[in-house]
Amino acid sequence: MEHFIALVTKPDNVPIVAILFLIPYFIWLSYRQARQTDKTGVPSDAHLNDKVYVWPYLCRNEFICAIIVMLVLGVWSIMIDAPLEEPSDPTKTPNPSKAPWYFLALQEMLVYFDPWIAGVVLPGLIIAGLIAIPYIDTNPKGKGYYTIKERPFALSVFCFGFIILWIVLMVVGTFLRGPGWNFFAPWEAWDPHLVVPLTNVNLSYLFGIRDANTANFFGFVVVAGYFALGPIVYLWKRNTSDFLQELGLVRYIVVSFLFLTMLALPIKMILRIFFNVKYIWVSPWFNV
Amino acid sequence: MNEERKGLKEKITNSDIWRSIFRHGYENTGRRYTLQILQNVWLHLHPPRISRHALNFRFTWCMGGITFLMFLVTAVTGVLLMFYYRPTAEYAFHDVQYLEFDIPFGMLLRNMHRWAAHGMVISVMLHMFRVFLTGSYKKPREFNWAVGVILLLVTFFLSFTGYLLPWDQLAFWAVTVGTNMARATPVLGHEGPFAPSDITQSNDVRFALLAGTIVGPSTLLRFYILHCVAVPLLASALMALHFWRVRKDGGISGPL
Ligand code: HEM
């Protein structure tokens with residue numbers, strides 16, 4: 001427990017602790033407005049649509065906001081000193097070695113995927129996916145006000161990605177990962193000699209496949225089948241779903257691909273944690 | 001009483017001393033408010049008038065503005081830090097120590113720079129979250145959202161390049177871990193899938209980033225230049241574009 005308290009109060013972890021309060025606060029703040037909008041059917045701020053002069057009304061707000069933020073920053077800077085450890089030494093590797101806190105969700109993904117996926121392909125797709133959002137979300141409603149009812153799909157996908165896959169993984173990486181990147185609950189002491197037996201096996205092994213070539217083919221079928229879910233749903237639903245018709249084929253392909261890729265992370269996490277699955281597809285060139 | 005006060009006020013504002021300092025009075029008129037914005041070099045990026053709901057904290061959370069404020073704080077404190085810091089493996093760590101122990105307010109300066117940088121990362125993430133929740137990326141703001149995503153990356157990169165500069169164990173290993181994944185870049189990293197045989201650890205993407213096969217003195221210099229010159233310039237240019245587009249896209253989004 002003591003080491004956990006030490007970890008939480010570490011100067012560089014202050015931002016994460018702050019996030020733990022800020023995110024719920026802002027979710028609550030926006031949820032209240034969304035609920036009001038959804039109940040009345042009118043955007044909660046729709047009556048505030050007249051124009052006001054920026055000077056003094058907006059400038060005053062900006063000024064007050066800047067003063068408050070500078071006060072917080074000033075107190076923070078007086079109370080808590082930036083860390084400075086021993087001089088760098090390439091021969092002394094700390095255990096665990098952690099990236100800066102805002103990259104810990106990415107480092108956490110390394111547990112479940114090989115570096116070329118967790119460190120390169122997935123971050124690339126996150127960026128591409130974020131940029132694509134306005135172009136694939138064709139729903140014209142819910143622009144400029146908080147609402148849940150008018151865009152449930154977009155909201156739940158984004159919130160799942162942002163809150164669970166980004167913020168929560170970041171917090172886990174910061175507070176619950178110890179030596180050897182092993183998982184330690186807050187009340188457990190960090191044991192640098194802890195050896196976790198590697199009992200993970202590949203998915204093909206679970207299905208009784210022992211031959212490398214068959215395993216390779218099996219993995220390919222599973223992964224290809226997973227991503228084929230997108231087109232299959234399209235063929236199945238295209239005539240009956242207004243949503244699909246409005247989206248169009250190209251947008252649908254992008255949406256389903258990004259969506260399935262995002263879900264691949266929690267799926268792999270569940271397979272690893274509960275079924276000890278190491279790889280889904282082992283090929284001579286790469287492993288998934 | 002009121003009459004008396006008015007008379008006194010008039011007396012003061014009509015005195016020669018007052019009028020030598022303030023050239024004319026301030027009328028509370030719309031024309032005056034508009035000129036105040038148009039004629040001020042710091043404020044002229046604002047429109048003269050905005051929709052009332054955009055003033056609400058509960059709508060914007062002020063997060064875009066706070067991100068910008070944090071950027072300004074890091075820019076000012078960062079320039080001050082540059083007076084005391086030399087980006088070489090011999091000096092870097094000791095310059096930071098010297099700054100902390102021997103320079104008046106040196107520790108405070110370093111703290112403000114570091115915490116403002118962390119604050120900027122927090123506020124930029126929250127800003128993106130709010131822009132998503134209010135659906136503000138929708139037509140006609142698609143492109144500004146894309147500019148925002150690049151700004152998000154630039155913010156991470158600014159913070160990451162700065163993380164190395166104290167040249168202590170924390171800095172060294174955080175950057176080592178953070179750049180290790182580049183080895184596994186498909187095709188371009190020497191440990192990545194499909195890497196051609198002439199991609200080695202001394203010519204792959206990680207080498208380009210680190211200027212070496214491990215984090216070393218040339219990495220320090222490279223990150224210093226990126227951190228103090230290249231990335232801030234890029235960020236400033238993108239922010240100018242971002243703010244300009246907020247205005248050209250019709251100001252802050254709203255229900256109407
Ligand atoms: C260095 C980083 C950034 C700065 C300084 C910045 C600053 C601002 C400011 C001052 C505004 C005015 C409204 C507000 O305060 O909310 C704004 C609006 C906006 N920002 Fe950013 N921003 C940054 C990053 C981002 C990111 C990461 C995104 C999204 C991925 C983004 C997307 C937008 C959009 C779409 C608007 C228009 C919002 C509306 O009309 O309601 N920005 N930004």
Side-chain angles (χ1 to χ4, degrees), chain A residues 15 18-19 22 26 29-30 33 43 45-46 48-55 57-59 61-62 65-66 69 73 76-78 81-90 94 97-100 102-103 107 115-116 119-120 127 130-131 133-135 140 142-146 151 158 162 285-286, chain B residues 33 36-37 46-53 55 58-59 61-62 65-66 69 93 96 107-108 110-112 114-116 118-119 121-122 126 129 132-138 142 145-146 149 156 160 163 166-170 172-174 177-178 181 184-186 192-193 214 253-256:
Chain A
I19 281 180
L22 287 170
F26 283 119
L29 189 70
S30 42
Q33 297 172 74
D45 280 349
L48 300 174
N49 61 0
D50 56 326
K51 293 259 180 175
V52 292
Y53 284 103
V54 162
W55 177 279
Y57 299 103
L58 176 64
C59 289
N61 285 12
E62 288 175 340
C65 178
V69 172
L73 183 68
W76 185 3
S77 302
I78 289 169
D81 282 346
L84 188 64
E85 299 184 350
E86 295 145 50
S88 69
D89 182 349
S97 290
K98 292 191 181 183
Y102 40 83
F103 285 153
Q107 202 176 346
W116 70 278
V120 186
I127 297 163
L130 282 173
I131 292 181
I133 285 175
Y135 303 99
K143 175 162 71 187
Y145 54 94
Y146 294 89
R151 42 200 290 256
F158 187 85
F162 182 72
W285 313 280
F286 55 79
Chain B
Y33 292 157
Q36 194 72 38
I37 293 297
H46 292 83
R49 299 195 306 159
I50 54 164
S51 161
R52 186 186 293 278
H53 85 279
L55 296 178
R58 63 166 191 263
F59 183 73
W61 313 347
C62 283
I66 292 176
L69 177 66
F93 179 80
V96 177
M107 188 79 232
L108 184 66
R110 179 163 179 241
N111 292 347
M112 280 190 75
R114 193 177 188 98
W115 302 143
H118 280 331
V121 174
I122 297 179
L126 288 173
F129 190 38
F132 188 89
L133 290 184
T134 55
S136 302
Y137 54 82
K138 298 185 180 190
E142 302 100 318
W145 167 272
V149 175
F156 284 149
F160 186 64
Y163 217 84
W167 204 238
D168 61 344
Q169 279 287 76
L170 187 65
F172 184 91
W173 289 101
V177 170
M181 300 180 240
T185 313
I214 64 161
S253 60
L256 286 178

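The basis for the numbers below is simple: all heavy atoms, side chains too, and nothing from hydrogens, waters or symmetry mates. Order of the sequence lines sets the chain letters (A, B, ...), proteins ahead of strands, with each chain counted from 1.
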Heavy atoms only, distances under 4.5 angstrom: which of B:F172, B:F93, B:F156, B:W167 has the most pairs with chain A? Name it, please.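 The candidate making the most pairs under 4.5 Å is B:F93.
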For chain A, the option from B:A146, B:G119, B:S51 that forms the most heavy-atom pairs under 4.5 Å: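 Looking at each of B:A146, B:G119, B:S51 in turn, B:S51 comes out on top.
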Run B:F129 and A:F26 through ring pair (Phe, Tyr, Trp, His ring centres under 6.0 Å) and show every step you take. CA-CA 9 Å; B:F129 190 38; A:F26 283 119; 8.5 Å; no
Quick one: which of [options] has the most heavy-atom pairs under 4.5 Å with chain B, could you say?
options: A:P94, A:P87, A:G119, A:P43; answer: A:P87
options: A:S30, A:P115, A:P15; answer: A:P15
options: A:A82, A:P90, A:A99; answer: A:A82
options: A:F286, A:Y102, A:Y135; answer: A:Y102
options: A:P140, A:A66, A:G142; answer: A:G142
options: A:P100, A:C65, A:A18, A:A46; answer: A:P100

Quick one: pull up [atom1] in [X] and [atom2] in [Y] and give me the separation to the nearest 0.5 Å.
X: A:S77; Y: B:R110; atom1: OG; atom2: CZ; value: 11.5 Å
X: A:L48; Y: B:F59; atom1: CG; atom2: CZ; value: 11.0 Å
X: B:R49; Y: A:K51; atom1: CZ; atom2: NZ; value: 6.5 Å
X: A:L73; Y: B:M112; atom1: CG; atom2: CE; value: 4.5 Å
X: A:Y145; Y: B:T134; atom1: OH; atom2: OG1; value: 11.0 Å
X: B:L126; Y: A:I19; atom1: CG; atom2: CD1; value: 6.5 Å

Tell me whether A:W76 contacts the main-chain N or O of B:N111 through its side chain, where contact means a donor paired with an acceptor under 3.5 Å.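 Pair absent, no side-chain N/O of A:W76 close to backbone of B:N111.
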Are any side-chain N or O atoms of A:E86 and backbone N or O atoms of B:Q169, one a donor and one an acceptor, separated by less than 3.5 Å?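 A pair under 3.5 Å: no.
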Counting only non-hydrogen atoms closer than 4.5 Å, does [X] touch chain B with its backbone (N, CA, C, O), its side chain (CB onward), both, or neither?
X: A:V69; answer: side chain
X: A:D45; answer: both
X: A:V120; answer: side chain
X: A:L58; answer: both
X: A:S97; answer: both
X: A:L84; answer: both
X: A:E62; answer: side chain
X: A:Y57; answer: both

Given a strict heavy-atom distance threshold of 4.5 Å, which part of [X] is in contact with chain A: side chain, backbone, both, or neither?
X: B:R58; answer: both
X: B:P166; answer: both
X: B:W115; answer: both
X: B:I50; answer: both
X: B:L55; answer: both
X: B:H46; answer: side chain

Min side-chain heavy-atom separation [X]-[Y] under 4.5 Å:
X: A:I133; Y: B:F132; value: yes
X: A:F158; Y: B:L133; value: no
X: A:P83; Y: B:D168; value: no

Flag the pair B:F160 / A:F103 as yes when their ring centroid distance falls below 6.0 Å, and as no otherwise.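 B:F160 vs A:F103: aromatic centres under 6.0 Å.
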